[in-house]
Undergrad: 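One structure, pasted below without further comment.
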Amino acid sequence: MPSPAKLTSEDIRRIYRSLRLIRRAEEEIARVYPSDRIKSPVHLSIGQEAVAVGVCDALTGDDVVSGTYRGHATYLAKGGDLNAMMAELFGKVTGCARGKGGSMHLVEMSKNVLGASAVVGTTIPLAVGYALALRREGRGRVAAAFFGDGATEEGVFYESLNFASLHKLPVVFVCENNFYAIHTPLTKRWASEALCGRVANFGIPTHRITDSDVFAIRRIVADAVAEMRQGAGPIFLECHTYRWREHVGPMEDYEAGYRDRNDMETWRATDQLERVGALLDATTRGKINIEIEKEIAAAIEFADQSPFPPPEELHTHVFAGQS
Amino acid sequence: MPSPAKLTSEDIRRIYRSLRLIRRAEEEIARVYPSDRIKSPVHLSIGQEAVAVGVCDALTGDDVVSGTYRGHATYLAKGGDLNAMMAELFGKVTGCARGKGGSMHLVEMSKNVLGASAVVGTTIPLAVGYALALRREGRGRVAAAFFGDGATEEGVFYESLNFASLHKLPVVFVCENNFYAIHTPLTKRWASEALCGRVANFGIPTHRITDSDVFAIRRIVADAVAEMRQGAGPIFLECHTYRWREHVGPMEDYEAGYRDRNDMETWRATDQLERVGALLDATTRGKINIEIEKEIAAAIEFADQSPFPPPEELHTHVFAGQS
Amino acid sequence: MSSPARAEAPAVSRESGRLLRYVDALREAVAQEMEADERVFVLGLDVDDHKGIQGSTLGLQARFGTERIFNTPLSEDAMTGVAIGAAIAGLRPIHVHIRMDFLMLCMNQLVNMAAKMHYMYGGTVTVPLVVRSMIGKSWGQGAQHSQGLYSMFMHVPGLKVVAPSNAHDAKGCLIAAIRDDNPVIFVEHRLLYGTEAFVDEAPFTVEFGKARIAVPGNDITLVGVSNMVVECLRAQELLSEVGISAEVLDPISLVPLDFDTILASARRTGCVLVVDNAWTTCGASAEIIARLAEATSGGDAKPIVMRRMGFAPTTCPTTPALEQTFYPNPATIASAVHSLVRPKAKAWSPAPERAVLAYQRQFRGPF
Amino acid sequence: MSSPARAEAPAVSRESGRLLRYVDALREAVAQEMEADERVFVLGLDVDDHKGIQGSTLGLQARFGTERIFNTPLSEDAMTGVAIGAAIAGLRPIHVHIRMDFLMLCMNQLVNMAAKMHYMYGGTVTVPLVVRSMIGKSWGQGAQHSQGLYSMFMHVPGLKVVAPSNAHDAKGCLIAAIRDDNPVIFVEHRLLYGTEAFVDEAPFTVEFGKARIAVPGNDITLVGVSNMVVECLRAQELLSEVGISAEVLDPISLVPLDFDTILASARRTGCVLVVDNAWTTCGASAEIIARLAEATSGGDAKPIVMRRMGFAPTTCPTTPALEQTFYPNPATIASAVHSLVRPKAKAWSPAPERAVLAYQRQFRGPF
Ligand SMILES: Cc1ncc(C[n+]2csc(CCOP(=O)(O)OP(=O)(O)O)c2C)c(N)n1
Ligand SMILES: Cc1ncc(C[n+]2csc(CCOP(=O)(O)OP(=O)(O)O)c2C)c(N)n1
Ligand SMILES: [Mg+2]
Ligand SMILES: [Mg+2]
């Protein structure tokens with residue numbers, strides 16, 4: 001992995017590619033959604049891609065991530081297979097969970113993407129437990145746990161912080177703070193905005209990134225991970241970001257009145273996808289874009305063509321080692 | 001209630017009385033315990049009385065407390081009936097819970113002592129909910145929630161802090177930090193000692209009292225409660241203290257090796273019972289002591305003489321309004 | 001979505017009142033009780049947003065203010081404790097969860113505290129708490145948004161459990177739950193929200209522990225739970241076309257359970273099928289069958305045929321290809337009844353398209 | 001405490017090995033598996049203190065170090081998640097809880113995650129997790145330290161549930177649980193800890209899903225769960241004195257359940273009493289009776305008499321005056337059997353003092 005301080009043009013290409021792939025894949029999911037071929041609720045990350053990409057680009061393939069039901073970005077940024085994801089959304093047996101999990105339960109163990117959960121906060125301690133195993137393994141691997149601002153209200157979040165810090169486990173805690181849990185703003189949920197302060201008092205170094213700067217996120221994580229590989233304990237990132245679409249489903253929802261389209265416009269003005277894209281020359285960018293369109297089209301085609309699981313599959317995988 | 005700043009001799013008498021009653025009642029419980037007449041595990045507060053007494057003396061009868069399975073001190077400090085408590089320990093129908101709860105589940109709603117729980121941390125949000133009702137009621141009453149250092153590791157603690165602070169509820173959170181959860185020291189459980197720091201970052205004023213000074217505790221609570229009665233939100237006290245006996249049961253356990261008798265001796269040197277007693281003249285003190293011995297003897301006699309609940313009682317109180 | 005949904009709604013005893021959707025009946029019940037009793041209040045995630053728990057809490061905040069209906073942080077465990085604390089202080093909280101699965105986060109408060117406090121404190125404390133929770137189905141709800149976990153609550157003495165299957169009972173049971181001095185786990189099925197029934201406008205209660213004979217019959221007793229009442233009713237129609245007369249029972253409340261009515265029907269028809277919206281192992285269906293077995297074995301009465309249906313013994317899959325066989329439906333129910341009532345006849349099953357219920361067809365994702 | 005306790009221990013198939021207490025069998029199983037497989041580790045509150053979970057984890061830290069057996073903060077929810085996370089990473093955690101009641105704090109992780117992950121992730125993830133938990137009884141354990149809540153776990157597909165009743169099975173089941181690739185809820189009864197049985201020193205497994213006929217008999221099938229096996233065995237002895245021959249079955253594992261053995265016995269004796277250490281409503285006893293009812297009703301076979309016993313349908317009271325009637329015991333079991341087997345005879349009950357078990361008499365509080 002290149003030095004975090006100086007980015008090569010290859011780094012920029014890779015980061016752009018990842019941002020663009022997520023953005024376009026989700027836009028296509030939104031486009032296809034009304035056709036009812038997607039058999040799953042979808043929680044889109046459009047507008048939030050920079051957090052997943054910034055963090056995952058600082059990790060190696062051997063490192064581990066765990067995400068949430070809003071997990072397309074995490075899955076793709078960590079190298080999850082697009083075909084398998086699309087097929088999963090379509091409920092097909094070629095999906096990453098054989099159609100049994102859907103969009104909220106993406107998983108790809110071969111890429112070290114742990115399975116996501118639809119119950120908020122639930123995967124945070126799992127990433128900590130995985131990190132416990134990584135520490136025991138002694139190969140310097142780390143785990144990154146993604147979760148929303150809402151998840152920090154669940155008690156398990158604090159329990160997990162305490163344990164990870166107590167045992168100095170190699171965990172990157174990443175809070176994607178998009179200011180809303182469904183439609184409820186932080187002001188109705190948090191007694192104080194001092195999230196980093198609360199976390200720091202568990203003895204965990206914290207970073208508050210308020211502009212979604214993908215390079216800054218990447219650098220912070222890369223520096224911290226380098227130390228973790230030598231035995232340092234967890235860090236915590238509060239990354240401000242913004243969800244451009246509705247909480248669940250393919251549409252925008254600014255007319256609902258719980259938030260203001262202007263807020264989104266402010267975020268869009270500093271959209272990291274555009275920012276990073278602008279660093280590339282037009283040819284390179286165009287080439288990447290075309291490749292991505294092909295990949296997405298191929299993934300949708302793959303999903304469409306794949307079969308549903310056969311009826312017997314209902315009864316398989318209840319227990320491991322069963323059939 | 002007298003001004004918190006200047007204590008009258010009546011205040012000192014009352015505080016001494018409360019400290020002494022708890023100490024002696026528990027010593028008698030320990031003495032009686034091997035006779036098997038007490039049908040309940042007992043978690044004694046001997047050595048820790050100052051916290052309950054300091055807090056409760058700053059409250060009025062209309063204020064509410066919730067305690068834990070280590071709850072004799074809370075119950076008595078808040079004015080709970082000694083006979084009913086002793087009978088409860090003896091499993092008698094005259095007990096405060098008709099013998100159905102035992103030592104771990106003391107309750108006396110007429111004195112605003114909420115029922116205790118044997119599951120650590122469980123009553124913290126209950127006190128918060130009670131405080132929500134008190135705020136609605138608008139009479140300026142407050143609730144105090146007692147819990148141990150171990151309880152602060154349960155997620156529900158943080159969830160409760162956040163909600164209480166968000167709604168500015170009149171709650172006095174009182175952590176009785178005796179440095180151990182059963183036999184496990186803080187170092188094996190807390191990533192950092194910055195408990196007050198964590199709490200403060202929820203927007204809650206905190207106080208760390210490291211010497212168990214009963215007057216200091218009383219003053220802090222009295223000042224805060226005065227403000228709460230006018231609408232101020234919660235406060236948090238971390239009160240250092242020391243459990244002189246074993247975690248559960250009547251004995252000492254310094255030979256077990258998990259802690260040092262010297263630590264106890266250090267605490268005993270500043271025993272608040274002795275300190276406050278020394279402020280009284282010998283006659284007054286002697287008179288109080290004699291009264292207390294009589295009360296305790298009478299309570300044991302009451303418990304001994306009381307009947308067990310009749311067999312039909314097994315089936316009553318499963319549902320309210322049922323029989 | 002009125003008429004087809006209505007057609008499926010169980011006929012309730014009296015057809016007075018207006019046609020009302022289940023979701024609106026829930027909201028009306030809460031509004032009327034909040035109006036009548038200022039101790040009643042509502043808390044829960046997203047109770048005050050523009051979706052208002054699929055509409056069931058919509059408009060209540062505008063009417064009753066933020067003190068009496070408010071959103072909570074994502075802290076199910078503490079918020080349940082807060083609700084219990086408010087309840088023992090004399091208020092009457094209604095704690096709303098958009099999915100029953102999330103109750104797994106508050107089991108400690110519900111099982112170790114709410115259920116036990118009245119008993120454990122010798123009757124000196126009461127916990128008038130209502131816990132509303134919704135069961136999801138289809139459209140990719142999947143493993144963690146589809147569970148009907150009420151048997152866990154049935155297991156624990158001190159909790160009441162109700163699962164109304166129609167708008168009339170939804171209103172009457174919710175009012176009864178709010179007025180009850182005990183913790184009540186109130187089970188709602190998402191797909192029932194759009195179904196309509198005749199519901200009186202004035203407040204009324206549906207008494208717990210009284211089953212309803214939704215349709216009388218002679219050949220078999222079908223006991224449906226929650227939305228499975230609706231599925232049983234369709235099965236009953238299909239069965240009547242082949243000359244099988246099924247009696248459909250709706251227990252309405254599971255704790256207390258009106259076992260007498262079930263037993264009497266079972267003795268009359270000689271055959272019982274319990275159809276549950278949950279797993280069968282240690283489920284409500286196990287309990288009903290076990291009680292029947294205890295009550296009818298060992299005497300001289302003629303033996304009764306007993307069976308149960310419920311979720312497949314698997315996790316709920318997301319893909320509809322598998323999900324459709326995860327649940328009982330009118331076709332599988334009717335076919336099972338046929339083989340019980342006519343054990344020697346050739347197996348029969350209604351045409352699948354005739355067994356699809358409007359309330360299922362109309363339901364559109366994602367949530 | 002050896003001989004009287006031994007006398008009560010169920011005879012296990014082979015009497016090889018040494019006499020070992022249940023608690024020591026547990027410890028030996030863990031030690032041997034930790035020795036054999038370095039992926040195995042132990043976590044939980046108080047596993048490393050001088051009491052060592054009543055002795056069941058004593059000495060393990062000295063032997064295997066603090067990395068492989070460690071105390072945790074009081075954070076049952078997160079620690080369950082941590083254990084699951086370590087399990088999916090390839091380790092084999094044993095998470096210990098000194099009371100089953102505390103599992104209510106980790107229901108979300110157990111029910112919504114551990115049980116479902118293998119399925120929900122299409123078989124790409126396995127969760128080889130053992131959750132040890134103890135059921136308390138007597139000496140004022142009371143409402144929150146006495147519950148046998150395993151039926152909640154039986155209800156949810158994806159979890160195995162075992163409840164060994166003797167030292168031999170404790171060792172064999174625990175080793176089997178550790179080697180199992182699925183989450184296993186391992187249920188221990190506090191009062192069994194001092195009971196002894198013959199246990200082989202070499203590691204061995206007791207296969208899940210195979211019930212044991214503890215004592216053969218002809219007049220009735222007694223199915224005991226966990227410590228109730230011991231109580232049934234005493235009842236069986238008392239019954240034999242009045243000429244009633246009871247067969248005592250120990251299912252050992254509840255999920256998977258060896259229903260075939262229960263059914264075969266039931267068909268032979270014509271009468272079944274399931275005695276559980278839990279509430280009956282939606283409990284393990286409901287499940288067993290329901291399966292029997294389904295399997296035996298509707299055919300031509302002779303009907304079977306079915307009954308169950310368990311906790312009284314109340315919260316567990318602290319005072320022994322009430323607690324003693326909260327639980328089934330050899331006297332109440334024997335008396336119930338008598339009335340089932342000889343329905344026309346006068347009611348009979350053994351002398352209460354003859355029905356008190358040594359393992360109960362010996363147990364001294366507080367915990
Ligand atoms: C434990 C739990 N409670 C409630 C819900 C319902 N719910 C689904 S998403 C969500 C909001 C979560 O907000 P946040 O963590 O900020 O993530 P975001 O959706 O903004 O990415 C809620 C409350 C849930 N899934 N799980
Ligand atoms: C949720 C829960 N987990 C574990 C236990 C077992 N337990 C009983 S007391 C105790 C220690 C609690 O320590 P602390 O809160 O510091 O209170 P203390 O006993 O020191 O007063 C533990 C772990 C319990 N009762 N409840
Ligand atoms: Mg958010
Ligand atoms: Mg402590």
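Every chain is numbered from 1 and lettered A, B, ... according to where its sequence line falls, protein lines coming before strand lines. On a predicted model such as this, the values are computed, not experimentally measured, just so you know.
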Undergrad: Report, in residue-number order, which members of residues 275-283 of chain D are under 4.5 Å from chain B by heavy-atom distance.
TA: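 Residues in range: none.
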
Undergrad: Describe, in one word, how the ring planes of D:W139 and B:Y33 are oriented to each other, choosing from parallel (under 30°), tilted (30 to 60°) and perpendicular (over 60°).
TA: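 The rings of D:W139 and B:Y33 sit tilted, inter-plane angle from 30° to 60°.
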
Undergrad: Go through D:T315, D:D101, D:N71 and name the one with the most non-hydrogen pairs under 4.5 angstrom from chain B.
TA: D:N71

Undergrad: Look at B:R98, B:E88, B:H105 and state which one has the largest set of heavy-atom pairs under 4.5 Å with chain D.
TA: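 The answer is B:H105.
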
Undergrad: With a 4.5 angstrom heavy-atom cut-off, which part of D:F102 approaches chain B: side chain, backbone, both or neither?
TA: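 Only the side chain of D:F102 comes within 4.5 Å of chain B.
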
Undergrad: Would you compute the distance between atom CZ of B:R189 and atom CG of D:L45 and round it to the nearest 0.5 angstrom?
TA: 9.0 Å

Undergrad: Which one wins on heavy-atom pair count under 4.5 Å against chain D: B:K100, B:K92, B:K188?
TA: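 Max contact count across the listed options: B:K100.
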
Undergrad: Which region of D:E76, side chain (C-beta onward) or backbone (N, CA, C, O), has a non-hydrogen atom less than 4.5 Å from a non-hydrogen atom of chain B, or is it both or neither?
TA: both

Undergrad: Mind checking whether D:P313 and B:H315 have side chains closer than 4.5 Å, heavy atoms only?
TA: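 Of all side-chain heavy-atom pairs linking B:H315 with D:P313, at least one is under 4.5 Å.
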
Undergrad: Donor-acceptor check, side chain of D:Q144 to backbone of B:A118, threshold 3.5 angstrom: yes or no?
TA: yes

Undergrad: When heavy-atom pairs shorter than 4.5 Å are enumerated against chain D, which of B:A151, B:S117, B:P310 gives the highest number?
TA: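 Of the candidates given, the most pairs with chain D belong to B:S117.
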
Undergrad: Would you call D:D46 and B:H183 a side-chain contact if the rule is heavy atoms closer than 4.5 Å?
TA: no

Undergrad: Backbone N or O of D:G140 within a donor-acceptor pair of the B:S40 side chain at under 3.5 Å?
TA: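 No; judged by distance alone, with no hydrogens or angles, the pair does not exist.
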
Undergrad: side-chain contact (heavy atoms from CB on, under 4.5 Å) with D:D77: which residues, sequence neighbours excluded?
TA: A:V156, A:E159, C:L105, D:Q109

